[in-house]
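Chain letters run A, B, ... following the sequence lines, proteins first and then strands; every chain starts at 1.
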Number of protein chains: 2
Amino acid sequence: MQSRINKIFKAIADPTRREIFHVLVLATTALSITQIAGQFNISRQGITKHIMLLHDAGMLEIESIGREKYCQANLSALNEIRDWLAFYDKFWDESLKNLQDFLDTKNS
Amino acid sequence: MQSRINKIFKAIADPTRREIFHVLVLATTALSITQIAGQFNISRQGITKHIMLLHDAGMLEIESIGREKYCQANLSALNEIRDWLAFYDKFWDESLKNLQDFLDTKNS
DNA sequence: AATTATAGCAACCAAATGGTTGCTTAAAAA
DNA sequence: TTTTTAAGCAACCATTTGGTTGCTATAATT
């Protein structure tokens with residue numbers, strides 16, 4: 001099985017999916033699949049596939065009401081990306097130190 | 001042409017590429033392509049392709065010395081991802097407010 | 001009860017992706 | 001100078017991806 005972070009990275013790798021997520025974040029209310037599809041120049045089925053992928057990555061929640069499915073962005077999924085990034089924070093200092101050493105050498 | 005952030009997201013969407021980046025961050029010194037390939041169960045050519053993609057996304061720098069090419073992670077590329085994430089920060093509050101409203105309703 | 005609208009299922013398709021191998025070029029070491 | 005070694009180029013391959021269409025099921029509206 002695929003890891004969570006891998007699913008998320010795969011999900012946001014596609015610009016259309018990023019835009020779907022974006023639209024859902026901006027929307028004040030949850031949107032049905034056809035409502036979302038209406039915003040794109042792609043068939044409803046195409047959009048459905050993207051939505052399922054996003055959902056699978058935990059980036060949006062889906063609530064069925066009658067025949068409709070309402071989607072809403074799950075912002076907390078972004079924390080997984082933040083965590084992934086956080087690991088590299090500790091190397092940032094070192095990188096700056098290397099730069100400082102370089103500048104020191106130049107001025108001596 | 002593809003946007004910068006799109007290249008970066010595409011680059012990190014693949015687990016092998018994330019690992020190459022990871023290895024380069026951990027390495028105290030720059031590594032040649034064969035050195036990197038030695039860490040993976042993939043042919044050198046396969047690794048080269050990944051490296052080119054990462055380089056194209058600005059995630060690593062390559063310096064040619066003689067017949068060798070030395071690669072080094074470029075941590076600052078991660079800032080593009082941070083910027084992308086930062087946009088959604090302002091929606092967090094709202095999201096928390098919605099949760100608070102929900103809890104308030106339950107307790108009344 | 002008939003019609004319309006929302007969504008699922010499945011098959012299909014072209015292009016992109018992640019990998020391989022074989023051969024060449026050129027630098028370094030023997 | 002011959003032989004290794006590092007890397008590039010190009011063709012090839014299977015799988016995944018991003019999209020389509022046609023048809024079905026079911027809920028809502030008239």
Side-chain angles (χ1 to χ4, degrees), chain A residues 1-24 27 29-73, chain B residues 1-24 27 29-73:
Chain A
M1 221 278 296
Q2 245 183 128
S3 74
R4 193 73 192 304
I5 192 68
N6 199 53
K7 285 185 178 179
I8 292 181
F9 279 140
K10 277 264 179 349
I12 62 171
D14 181 79
T16 303
R17 277 189 304 264
R18 284 202 302 279
E19 219 178 318
I20 291 175
F21 181 76
H22 196 83
V23 164
L24 288 175
T29 161
L31 298 181
S32 74
I33 295 182
T34 11
Q35 281 176 323
I36 297 169
Q39 310 258 343
F40 294 85
N41 208 16
I42 293 174
S43 72
R44 180 181 52 80
Q45 295 297 8
I47 294 293
T48 296
K49 282 196 187 180
H50 284 309
I51 287 177
M52 289 317 160
L53 241 138
L54 284 162
H55 180 244
D56 220 50
M59 297 193 64
L60 48 89
E61 267 126 42
I62 304 180
E63 188 189 5
S64 291
I65 298 182
R67 68 183 162 180
E68 276 146 321
K69 283 193 163 178
Y70 286 95
C71 306
Q72 197 158 12
Chain B
M1 223 278 295
Q2 245 183 127
S3 74
R4 194 74 193 300
I5 190 69
N6 198 53
K7 285 185 179 180
I8 292 180
F9 279 140
K10 277 265 180 349
I12 62 172
D14 181 80
T16 303
R17 275 187 307 260
R18 284 201 302 281
E19 220 178 318
I20 291 175
F21 181 76
H22 195 83
V23 164
L24 288 176
T29 159
L31 299 180
S32 74
I33 295 182
T34 11
Q35 281 176 324
I36 297 169
Q39 310 257 343
F40 294 86
N41 208 15
I42 293 175
S43 71
R44 181 183 50 83
Q45 294 298 6
I47 294 293
T48 296
K49 281 196 186 180
H50 283 310
I51 287 177
M52 289 318 161
L53 241 138
L54 285 163
H55 180 244
D56 220 50
M59 296 191 68
L60 49 88
E61 267 127 43
I62 305 181
E63 189 189 4
S64 290
I65 298 184
R67 66 182 164 181
E68 277 147 320
K69 283 193 164 178
Y70 286 94
C71 308
Q72 197 159 12

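- For B/R67, there are no salt bridge (charged side-chain N to carboxylate O under 4.0 Å, His left out) partners, not counting sequence neighbours.
- Running 5' to 3' along DNA chain C, contacts with non-hydrogen atoms of chain A at under 4.0 Å begin and end at C/dA5 to C/dC9.
- The side-chain contact (heavy atoms from CB on, under 4.5 Å) check on A/A37 picks up A/R44, A/I47, with sequence neighbours excluded.
- Interface residues of residues 35-44 of chain B facing DNA chain D, ordered by number: B/R44; criterion, heavy-atom separation under 4.0 Å.
- Heavy-atom minimum distance, B/F21 versus B/M59: CE1-O, 3.4 Å.
- Taking B/S3 as the reference, B/I5, B/N6 meet the side-chain contact (heavy atoms from CB on, under 4.5 Å) condition, with sequence neighbours excluded.
- In the interface, the side chain of A/Q45 is not paired with the base of D/dG19 through any donor and acceptor atom under 3.5 Å apart.
- The line from CG of B/L54 to CG of B/D14 is 9.0 Å long, rounded to the nearest 0.5 Å.
- Using a 4.0 Å cutoff on non-hydrogen atoms, the parts of residues 46-65 of chain A near DNA chain D are A/G46, A/K49, A/H50, ordered by number.
- For the atom pair CD1 of A/I8 and CD of A/Q2, the computed distance is 11.0 Å after rounding to the nearest 0.5 Å.
- Once rounded to the nearest 0.5 Å, the distance linking CD1 of A/I36 with CD1 of A/I42 reads 12.0 Å.
- When the side-chain hydrogen bond (donor to acceptor under 3.5 Å, both in side chains) test is applied to A/H22, the partners found at least two apart in sequence or on another chain are B/Y88.
- Between B/I62 and B/C71 the shortest side-chain heavy-atom distance falls below 4.5 Å.
- Qualifying salt bridge (charged side-chain N to carboxylate O under 4.0 Å, His left out) partners for B/K7, counting only residues two or more places apart in sequence or in other chains: B/D56.
- Of the residues in residues 6-21 of chain B, not one comes within less than 4.0 Å of DNA chain D through any heavy atom.
- Checked against side-chain hydrogen bond (donor to acceptor under 3.5 Å, both in side chains), A/K10 has no partners two or more places apart in sequence or in another chain.
- A donor-acceptor contact under 3.5 Å links the side chain of B/R67 to the base of D/dT5.
- Partners of A/L53 by side-chain contact (heavy atoms from CB on, under 4.5 Å), not counting sequence neighbours, listed by chain and number: A/R17.
- With sequence neighbours excluded, the residues that form a side-chain contact (heavy atoms from CB on, under 4.5 Å) with B/E19 are B/F40.
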